[in-house]
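Worksheet: one structure, shown below.
All values derive from a computational prediction rather than experimental measurement.
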Amino acid sequence: MNNKGQAYSTFKLLIAAIVALAILMILMSIISSIFPFFRNDPTEKTSELLNNLYKSPETIKTVEDVTFTPDYVLSALALSERLPLGREDICMSLGDYGDEENFELQTVGHHRIVWNGSSNKLTDIVVTCNINEEMLMDGIEGTIFTERDWDRDIDCSICEGRCCLVALKTPG
């Protein structure tokens, strides 16, 4: 055995590993576009934000690139099960999607946003909280909520105490 033969087989092994890694990356991107478990879940990501913000008045945070799958429901009830907030403490707005016919805001009992589209929809979610509805509405003045005219559609009268607002925003 000479050294040239050993180096050549090591080089072939390295090339094979690089090719296998490239194929794996391509397959993962295809699989993630087909199966939803690789996507950012709106309920999970929104509850993470709410958990960090419900004691931080007037702080505004955004979670980017969440995926609404067909017939997905982002519900204040589902969020409240993960948080020390009641369903009446979370109000919602369609934000940038107020004119989008496939998004629907339901306000009976508690707020929920429903995606009625036939394909996946990528959005951002903006969250802010305050100690009550009045302070929340005062706190959003001069922010993304009023700059984009979302405030015309915001109804947080459901809030009984601490009040958090969840709104949809176009990505970017």
Excluding sequence neighbours, so at least two apart, what forms side-chain contact (heavy atoms from CB on, under 4.5 Å) with [X]?
{"X": "S119", "result": "none"}
{"X": "L24", "result": "M28"}
{"X": "D153", "result": "none"}

Atom of [X], atom of [Y] and distance for their closest heavy-atom approach:
{"X": "C163", "Y": "L136", "value": "SG-CD2, 3.6 Å"}
{"X": "I158", "Y": "G109", "value": "CD1-O, 3.6 Å"}
{"X": "I131", "Y": "M135", "value": "CG1-CG, 3.8 Å"}
{"X": "N40", "Y": "E64", "value": "ND2-O, 3.7 Å"}

Tabulate below the donor-acceptor pairs under 3.5 Å that side-chain atoms of residues 101-108 make, not counting sequence neighbours, or state none.
residue : atom : partner : partner atom : Å
E104    : OE1  : N116    : ND2          : 3.2
E104    : OE2  : Q106    : NE2          : 3.3

N/O donor to acceptor pairs below 3.5 angstrom from side-chain atoms of residues 90-99, sequence neighbours left out:
residue : atom : partner : partner atom : Å
S93     : OG   : G95     : N            : 3.0
D96     : OD1  : R148    : NH1          : 3.3
D96     : OD1  : W150    : NE1          : 2.8
D96     : OD2  : R148    : NH1          : 2.5
D96     : OD2  : T170    : N            : 2.9
D96     : OD2  : T170    : OG1          : 3.1

Grouping I, L, V, M, F, W and Y whenever their side-chain heavy atoms are under 4.5 Å apart, do [X] and [Y] come out in a common cluster?
{"X": "L49", "Y": "V166", "result": "yes"}
{"X": "V63", "Y": "I113", "result": "yes"}
{"X": "I23", "Y": "I15", "result": "yes"}

* **P42 side chain reached by T67 side chain, heavy atoms, under 4.5 Å** =>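 The answer is no; the side chains never approach within 4.5 Å.
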* Sequence neighbours left out, what pairs pass disulfide (SG to SG under 2.5 Å) with at least one residue falling in residues 112-149? =>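 Passing the test, one end in residues 112-149: C129-C164.
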* Asked: Which pairs count as side chain to side chain donor-acceptor pair (under 3.5 Å) when at least one residue sits in residues 136-147, sequence neighbours excluded?
  ->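 Matches after skipping sequence neighbours: none remain.
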* Output every pair passing side chain to side chain donor-acceptor pair (under 3.5 Å) with a member in residues 50-62, not counting sequence neighbours, ordered by first then second residue. =>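 Those involving residues 50-62 do not exist here.
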* Sort and list the pairs that fulfil ring pair (Phe, Tyr, Trp, His ring centres under 6.0 Å) and have at least one residue in residues 70-94, not counting sequence neighbours. =>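 Checked against ring pair (Phe, Tyr, Trp, His ring centres under 6.0 Å) - neighbours excluded - the pairs reaching residues 70-94 are F68-Y72.
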How long is the straight-line distance from [atom2] of [Y] back to [atom1] of [X], given to the nearest 0.5 Å?
{"X": "T46", "Y": "I125", "atom1": "OG1", "atom2": "CD1", "value": "3.0 Å"}
{"X": "T128", "Y": "L50", "atom1": "OG1", "atom2": "CG", "value": "10.0 Å"}
{"X": "D124", "Y": "D65", "atom1": "CG", "atom2": "CG", "value": "5.5 Å"}
{"X": "H111", "Y": "L79", "atom1": "NE2", "atom2": "CG", "value": "12.5 Å"}
{"X": "F145", "Y": "M137", "atom1": "CZ", "atom2": "CE", "value": "9.5 Å"}

Side-chain hydrophobic cluster, 4.5 Å single linkage: members besides [X]:
{"X": "V114", "result": "V73"}
{"X": "L77", "result": "none"}
{"X": "L14", "result": "I18"}

* Identify the residue among L165, I140, N132 that makes a side chain to side chain contact (heavy atoms under 4.5 Å, CB included) with C156. =>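 Of the listed residues L165, I140, N132, the side chain to side chain contact (heavy atoms under 4.5 Å, CB included) partner of C156 is L165.
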* With respect to L74, which candidate in V66, T123, T43 satisfies the side chain to side chain contact (heavy atoms under 4.5 Å, CB included) definition? ->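 The side chain to side chain contact (heavy atoms under 4.5 Å, CB included) with L74 is passed solely by T43 among V66, T123, T43.
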